[in-house]
Number of protein chains: 2
Amino acid sequence: MKDVAKLAGVSASTVSRVISNDSRISNKTKKKVLKIMEELNYYPNTIARSLANNKTDTIGVIMPSYKEDIFINPFFQKALKGISLIASQHFFDILIVTNHKEESDVDVLKRIIKGKRVDGLILTRPKEDDGGIKFLKENNVPFVLIGSCLEYDDIPSVDNDNEQASYDLTALLIKKGRNKITFIGGELDSVVMKDRYKGYLRALKDYNIPFDEDYFISDKFLEKSGYYLTSRLMSLHNNLDAIIVADDLMSLGALKRLKEGEKQVPEDIMLASFNNSMLAKYANPSITSIEINSIELGRRACQKLFDIFEEKSRENKEIIDYKIIERESTSLKKGVN
Amino acid sequence: MKDVAKLAGVSASTVSRVISNDSRISNKTKKKVLKIMEELNYYPNTIARSLANNKTDTIGVIMPSYKEDIFINPFFQKALKGISLIASQHFFDILIVTNHKEESDVDVLKRIIKGKRVDGLILTRPKEDDGGIKFLKENNVPFVLIGSCLEYDDIPSVDNDNEQASYDLTALLIKKGRNKITFIGGELDSVVMKDRYKGYLRALKDYNIPFDEDYFISDKFLEKSGYYLTSRLMSLHNNLDAIIVADDLMSLGALKRLKEGEKQVPEDIMLASFNNSMLAKYANPSITSIEINSIELGRRACQKLFDIFEEKSRENKEIIDYKIIERESTSLKKGVN
DNA sequence: AAGATTAATGCAAACGGTTGCATTATAATT
DNA sequence: AATTATAATGCAACCGTTTGCATTAATCTT
């Protein structure tokens with residue numbers, strides 16, 4: 001910067017003001033300084049700027065148990081894409097925050113925040129707060145949650161209405177004339193899963209469809225879970241006519257089992273699922289699934305974070321639309337896709 | 001830091017030395033200072049440290065045309081996961097570098113590097129250099145390429161041997177008795193695609209299998225491209241018995257067309273593809289595909305970057321193993337998966 | 001016990017910018 | 001033309017660390 005200042009015959013302050021587009025600098029000097037900057041191939045040191053003005057132009061993104069995630073959830077990538085789209089419009093970059101070695105989830109937050117590495121955070125925490133949210137609240141850190149948090153309902157967040165989505169999916173099956181509708185769930189400790197369970201029950205109740213305790217069973221989000229849980233359902237109920245599955249991957253397992261059991265999908269048993277991955281689209285038959293629009297989720301979360309920066313007040317909790325993508329697995333007339 | 005220093009009755013330098021674990025500090029004071037740090041809930045300002053010692057403990061990751069990528073390539077996420085695994089072991093974080101608004105790909109590099117935001121970069125550039133690589137070389141920036149670059153063969157990189165992979169896949173089909181082997185490619189401007197074409201040709205030649213100009217056709221990496229290119233192949237050659245497809249998504253399109261044409265896979269026509277996504281695994285029939293191990297690609301790239309930091313010399317170019325995952329689409333005996 | 005080593009700590013100048021306030025140049029007013 | 005208002009620039013302190021060198025404390029020699 002000094003070099004630029006010297007060559008342009010001005011002070012460093014002036015150069016600084018040109019960089020930050022200060023209105024008080026005359027057009028003449030601005031042009032001159034910009035020319036010199038160009039000539040010298042000068043770019044300001046971002047780190048030094050950050051130190052001086054306590055701003056990093058960076059947002060941190062924290063993913064849930066990113067390291068452990070054995071099966072790689074496409075949600076991550078889509079949300080990240082949405083986030084990055086908005087961030088880049090605001091000239092911000094994205095720091096992927098990862099636990100260093102043995103570091104706990106709370107410690108990593110403290111390190112990043114107290115270390116002043118980011119201006120704000122986007123996090124995804126489907127479960128209960130482990131102390132991280134508390135820490136962020138106490139320290140007035142701008143942050144947005146993708147998903148929900150049981151302990152606090154006053155934190156800025158974007159989420160799907162998972163309960164309603166599940167309700168709609170159940171209602172769809174009911175309207176197609178099904179009345180032994182079972183549900184294969186994933187890990188039960190997530191809020192998402194609990195909401196889906198609720199929505200399912202509510203729909204059954206609203207439409208006066210019988211519910212039996214063992215209509216609802218669950219296990220991990222794996223294909224094989226889908227497979228063997230379907231086995232169990234089939235042995236428990238010889239006349240079930242619909243299965244809702246918590247994830248497309250699981251639904252493939254279910255589908256496999258149904259085919260082995262000589263059950264026709266959708267004729268004998270209809271299948272519907274969540275997350276609308278490629279797998280649902282390209283399965284045979286293709287599977288009706290809930291599109292949760294992860295890109296939009298990321299986009300809106302990031303937008304919300306900038307709203308917080310700019311102190312625009314908005315709804316604390318934003319609900320993102322989902323869509324039911326109807327496919328062959330719930331359509332009796334052939335050829336629908 | 002000053003507060004810590006005062007409370008501990010030492011100077012700021014001493015606190016700093018405790019943080020960086022300087023051997024000259026006595027155990028007694030070290031323990032004392034650490035206790036105070038704990039009590040005050042002190043974490044050092046990362047930005048200030050970076051400014052002072054010109055190190056960010058951050059690596060930048062640049063993805064190819066990340067913004068434009070309409071269909072979201074799972075490669076990104078897997079590579080990122082591999083990178084993050086290694087980075088966190090070294091107490092590094094990851095900056096996702098995105099083009100700000102109208103910013104060009106070269107400009108974003110300049111901004112990040114001259115702005116001293118990262119200690120090194122990992123990039124993925126399947127095409128020719130747009131000036132970015134040149135810039136990085138000229139400025140002695142530590143960086144590793146995932147993929148290859150035509151103009152320079154002396155830059156640190158990790159890559160698959162795409163040529164050999166394609167050779168092997170072709171040879172597999174030949175060994176299964178096929179001798180009208182066609183190839184449906186993706187975008188031709190990528191080095192990856194060119195290498196695959198070469199490998200395919202080399203295998204045909206080695207095994208004395210005839211090649212016809214129009215055995216090889218290509219278009220975008222889309223399902224519908226796979227569909228209509230297969231149509232074309234079928235109309236051009238009524239006795240083709242194998243198709244190699246550049247990507248699983250395209251192969252689904254191909255599969256659909258073959259089924260419509262009443263062709264049995266694998267009996268009439270065998271199908272083999274690249275990238276081994278979930279789609280290949282769960283297609284019906286399941287599709288033989290090349291697993292390129294993207295996580296490992298990311299991991300090794302990151303490892304290589306740290307080797308450069310530590311000035312360990314290594315092979316400049318590292319080749320990552322691929323695997324052929326054989327599935328139903330190339331297996332005449334039933335039941336193989 | 002005095003001098004010589006060695007270990008532990010402190011001082012102060014960086015690192016490369018930003019910014020409140022003072023100052024100077026320019027324009028407006030009478 | 002002198003006075004005042006306003007626009008443009010410079011000065012210098014500051015952001016929170018690190019680190020070379022100087023200094024002081026502790027230990028070792030003989």
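No experiment lies behind these values; they were computed from the predicted model shown. Convention: sequence-line order gives letters A, B, ...; per-chain numbering from 1.
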- Does A/Arg17 make a side-chain donor-acceptor contact with the base of C/dG20, cut-off 3.5 Å? yes
- Message: How many whole angstroms separate atom CG of A/Asp3 from atom C1' of C/dG17?
- Response: 14 Å
- Message: If you assign B/Lys30 and B/Ala48 each to the DNA chain C nucleotide with the nearest heavy atom, which residue ends up on the more 5' nucleotide?
- Response: B/Lys30
- In whole angstroms, how far is the P atom of D/dA8 from the CG atom of A/Asp22? 10 Å
- Query: Does C/dG17 have OP1 or OP2 sitting under 4.0 Å from an N or O in the side chain of A/Tyr42?
  - Reply: yes
- Protein-nucleotide distance (B/Lys2, atom NZ; D/dC14, atom P), rounded to Å: 8 Å
- Say you draw a straight line from CE of B/Met37 to CE of B/Met1; how long is it, rounded to the nearest 0.5 Å? 10.5 Å
- Message: Using heavy-atom distances to pick each residue's nearest nucleotide on DNA chain D, tell me which of A/Arg24 and B/Ile19 is more 5'.
- Response: A/Arg24
- Message: Using a heavy-atom cut-off of 4.0 Å across all strands, would you classify A/Ser13 as base, sugar-phosphate, or nothing?
- Response: base
- Message: Please classify the nucleic acid contact of A/Ser26 as base, sugar-phosphate, or nothing, using heavy-atom distances under 4.0 Å.
- Response: sugar-phosphate
- Query: Are any of the side-chain heavy atoms of A/Thr58 and B/Leu95 separated by less than 4.5 Å?
  - Reply: yes
- Query: For the base of D/dT18, is there a side-chain donor-acceptor partner from B/Ser16 under 3.5 Å away?
  - Reply: no
- A/Arg49 side-chain N/O to C/dT18 phosphate OP1/OP2 under 4.0 Å: yes
- Note on the structure: B/Lys116 NZ to C/dG17 P, in whole Å, measures 10 Å
- Give the nucleotide from the list C/dT9, C/dC15, D/dT18 with an atom nearest to the side chain of B/Thr14. C/dT9
- Query: Counting any heavy atom closer than 4.0 Å, what does A/Val15 reach on the DNA or RNA strands: base, sugar-phosphate only, or nothing?
  - Reply: nothing
- Atom-to-atom span, CG of B/Asn27 to P of C/dT9 - whole angstrom: 10 Å
- Item | Spacing between A/Asn53 atom CG and C/dG17 atom P, to the nearest angstrom | 12 Å
- Rounded off to whole Å, could you give me the CG-to-C1' distance for the A/Asn45 and C/dG17 pair? 7 Å
- Separation of D/dC15 atom C1' from B/Met1 atom CE, nearest Å, is 12 Å
- Would you find more than 12 non-hydrogen atoms of other residues, nucleotides or ligands less than 6.0 Å from B/Lys137 atom NZ? yes
- Message: Can you tell me if A/Tyr43 touches the phosphate of C/dG16, counting only side-chain N or O atoms and a distance under 4.0 Å to OP1 or OP2?
- Response: no
- Going from CG on A/Asp130 to CZ on A/Phe135, what distance comes out if it is rounded to the nearest 0.5 angstrom? 12.0 Å
- Rounded distance [0.5 Å steps], NZ in B/Lys134 versus OH in B/Tyr152: 6.0 Å
- CA sep, side-chain torsions, deciding dist, call: A/Lys55, A/Asp119, salt bridge (charged side-chain N to carboxylate O under 4.0 Å, His left out): CA-CA 6 Å; A/Lys55 227 186 145 286; A/Asp119 295 340; 3.7 Å; yes
- Contact class for A/Ser50 vs. all strands (heavy atom < 4.0 Å): base, sugar-phosphate, or nothing? nothing
- Would you kindly check whether a donor in the side chain of A/Ser11 faces an acceptor in the base of D/dC11, or vice versa, at under 3.5 angstrom? no
